[in-house]
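Order of listing sets the numbers, starting from 1, for every ligand and every atom in it. Keep in mind that the numbers below use all heavy atoms, side chains included, and drop hydrogens, waters and symmetry copies.
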Amino acid sequence: MSENPIVQITGLHKHYGPVHVLDGIDLSVNVGEVVVILGASGSGKSTLIRCINGLETYMSGQLNVDGRELLPLHNKLRHLKAVREEVGMVFQQFNLFPHLSVLENVALAPRKVRGRTAKEAETIAMKLLERVHIAEHARKYPSQLSGGQQQRVAIARSLAMEPKVLLFDEPTSALDPEMVGEVLDVMRELARSGMTMLVVTHEMGFAREVADRVVLIHRGKILEEGPPEQMFDHPKHERTRTFLRSNGSRDRTPPNLV
Ligand SMILES: Nc1ncnc2c1ncn2[C@@H]1O[C@H](COP(=O)(O)OP(=O)(O)OP(=O)(O)O)[C@@H](O)[C@H]1O
Ligand SMILES: [Mg+2]
């Protein structure tokens with residue numbers, strides 16, 4: 001893959017009181033790359049990806065998204081808004097608007113953010129709902145859908161922003177096991193379509209199959225990173241091996257992996 005970074009992070013630091021949550025993170029993500037972030041609970045994964053769309057502030061270091069620098073402590077709000085328009089986010093809890101239909105949830109961003117007419121926005125939304133295989137539920141409300149269906153709507157809603165990068169924070173962790181596969185399938189299709197993705201997940205099968213690069217975070221630092229074959233089959237650090245072994249048991253996809 002050619003070097004064409006859309007996210008560039010250098011020496012990122014963040015503290016919560018005495019806790020050094022991000023301890024000098026360096027990470028670049030190229031256009032079209034899929035990076036899976038692994039790490040134990042509390043290692044700083046959510047904090048890191050939330051910094052990338054400005055949901056969290058950081059104290060020092062550099063964070064550049066699509067050529068725009070997000071400064072520490074958000075003292076450049078103009079860039080914050082621009083960056084948020086380029087970086088979509090999918091959360092563990094789908095965060096759909098309960099009072100809007102599925103179609104309205106997805107049509108909102110094209111109208112409000114991209115300035116499309118209501119009719120155009122609806123056409124875009126229907127196309128995206130088809131893309132996540134849920135068009136037949138367009139007129140329903142989120143509460144009428146299963147968790148897996150709601151998460152696919154949430155992915156369509158993020159895509160409706162026409163983001164250049166999509167961030168996922170444990171998108172399948174809140175789902176019943178039988179619904180995990182349908183969401184991972186959609187994410188796999190997105191990855192194949194060339195979307196740039198940063199994915200925090202414990203789904204090791206997905207990481208191995210879909211990631212271009214796997215990054216292991218340990219206590220706010222990148223302990224090891226590399227292509228999945230290297231990380232899973234020939235990790236350099238004993239701690240990587242231990243982590244992958246202990247998390248393999250949480251994997252719900254057929255493990256030929258750990
Ligand atoms: N608002 C906050 N105030 C104080 N400490 C926080 C806050 N948010 C996170 N932390 C701490 O920062 C550290 C990293 O949290 P973070 O949520 O980034 O971890 P994580 O790797 O995403 O964990 P998990 O796998 O459980 O989601 C943890 O020690 C957490 O307790
Ligand atoms: Mg987290």
Side-chain angles (χ1 to χ4, degrees), residues 7 9-27 29 34-63 65 70 72-74 80 83-84 87-95 147 150-151 154-155 158 165-177 180 183-184 187 197-208 210-211 213-226 228 231-232 235 237 239-253 258:
V7 177
I9 299 172
T10 317
L12 207 68
H13 286 269
K14 181 179 178 78
H15 297 260
Y16 282 119
V19 185
H20 208 155
V21 186
L22 299 178
D23 187 0
I25 297 275
D26 296 322
L27 181 67
V29 181
V34 177
V35 175
V36 166
I37 300 176
L38 304 176
S41 182
S43 57
K45 308 179 297 293
S46 295
T47 308
L48 174 62
I49 65 165
R50 290 165 63 88
C51 281
I52 297 172
N53 72 345
L55 278 176
E56 293 272 2
T57 57
Y58 57 96
M59 276 114 187
S60 64
Q62 281 185 313
L63 173 48
V65 180
L70 258 185
L73 307 175
H74 294 169
L80 181 62
V83 165
R84 285 208 179 138
V87 182
M89 177 108 179
V90 176
F91 301 89
Q92 184 175 334
Q93 305 292 346
F94 334 113
N95 295 349
Q150 288 186 59
Q151 190 59 301
I155 292 173
S158 295
V165 183
L166 259 189
L167 311 175
F168 294 83
D169 195 354
E170 303 205 27
T172 58
S173 296
L175 300 177
D176 291 337
V180 170
V183 172
L184 294 180
M187 291 170 64
M197 296 163 58
L198 260 118
V199 184
V200 175
T201 185
H202 293 285
E203 296 293 336
M204 299 296 166
F206 178 84
R208 179 183 271 257
V210 181
R213 188 153 44 112
V214 173
V215 172
L216 179 68
I217 300 203
H218 178 66
R219 294 191 184 156
K221 286 186 160 76
I222 293 183
L223 179 71
E224 184 166 352
E225 65 177 297
M231 294 290 280
F232 286 102
H237 289 270
R239 209 183 284 280
T240 309
R241 201 184 309 270
T242 316
F243 175 82
L244 293 177
R245 202 181 295 138
S246 61
N247 273 263
S249 58
R250 292 176 59 177
D251 189 13
R252 297 190 201 88
T253 49
V258 187

Of the protein's non-hydrogen atoms, which lies at the shortest distance from atom 8 (N) of ligand 1, and what is that distance?
Y16 CE1, 3.2 Å
Around atom 17 (O) of ligand 1, find the nearest protein heavy atom and jot down its residue, atom name and distance.
S46 CB, 3.7 Å
Is atom 30 (C) of ligand 1 close to the protein, meaning a heavy atom under 4.0 Å from it?
no
Kindly say whether F94 contributes a backbone atom to a donor-acceptor pair with the side chain of Q150 at under 3.5 angstrom?
no
Is the side chain of K45 donor-acceptor paired with the backbone N or O of V199 at a distance under 3.5 Å, no angle test?
no
Using a cut-off of strictly less than 2.8 Å, determine whether Q92 has an N/O/S atom near the Mg ion (ligand 2).
no
Evaluate the ring planes of H20 and H15, with Trp represented by its six-membered ring, and classify them as parallel (under 30°), tilted (30 to 60°) or perpendicular (over 60°).
parallel
Residues F168, V183; criterion side chain to side chain contact (heavy atoms under 4.5 Å, CB included); working and verdict
CA-CA 12 Å; F168 294 83; V183 172; over 6 Å; no
What are the two closest non-hydrogen atoms of Q151 and F91, and how far apart are they?
NE2-O, 2.8 Å
In Å, rounded to the nearest 0.5 Å, how long is the span from CG of L48 to OH of Y58?
11.5 Å
Counting from 1, what ligand 1 atoms have a heavy atom of A40 closer than 4.0 Å?
21 (O)
the protein heavy atom lying closest to atom 26 (O) of ligand 1 turns out to be S41 OG, 2.6 Å
Does an N or O anywhere in G42 fall below 3.5 Å from an N or O of ligand 1?
yes
Any idea which protein heavy atom is nearest atom 16 (P) of ligand 1, and the distance to it?
T47 OG1, 3.5 Å
Decide whether an N or O pair under 3.5 Å exists between H202 and ligand 1.
no
Given Q92, E56, H218, E170, which has its nearest heavy atom closest to atom 27 (O) of ligand 1?
E170
Per-atom filter on ligand 1: closer than 4.0 angstrom to a heavy atom of S43 are 19 (O), 21 (O)
Checking contacts now, so for atom 22 (O) of ligand 1, which I'm interested in, is there any protein heavy atom under 4.0 Å?
yes
At what distance, to the nearest 0.5 angstrom, does CG of L55 lie from CE of M89?
6.0 Å
Quick check: V21 and ligand 1, any N/O pair under 3.5 Å apart?
no
What closest approach, in Å, do L38 and T201 show between heavy atoms, and which atom pair accounts for it?
CD2-O, 3.2 Å
Has K221 got a side-chain atom pairing as donor or acceptor with G24's backbone, closer than 3.5 angstrom?
no
Of the protein's non-hydrogen atoms, which lies at the shortest distance from atom 25 (O) of ligand 1, and what is that distance?
K45 NZ, 2.7 Å
Closer than 4.0 angstrom: is that true for some heavy atom of G44 and an atom of ligand 1?
yes
Distance check, rounded to the nearest 0.5 Å: D169 atom CG versus Q93 atom CD?
11.0 Å
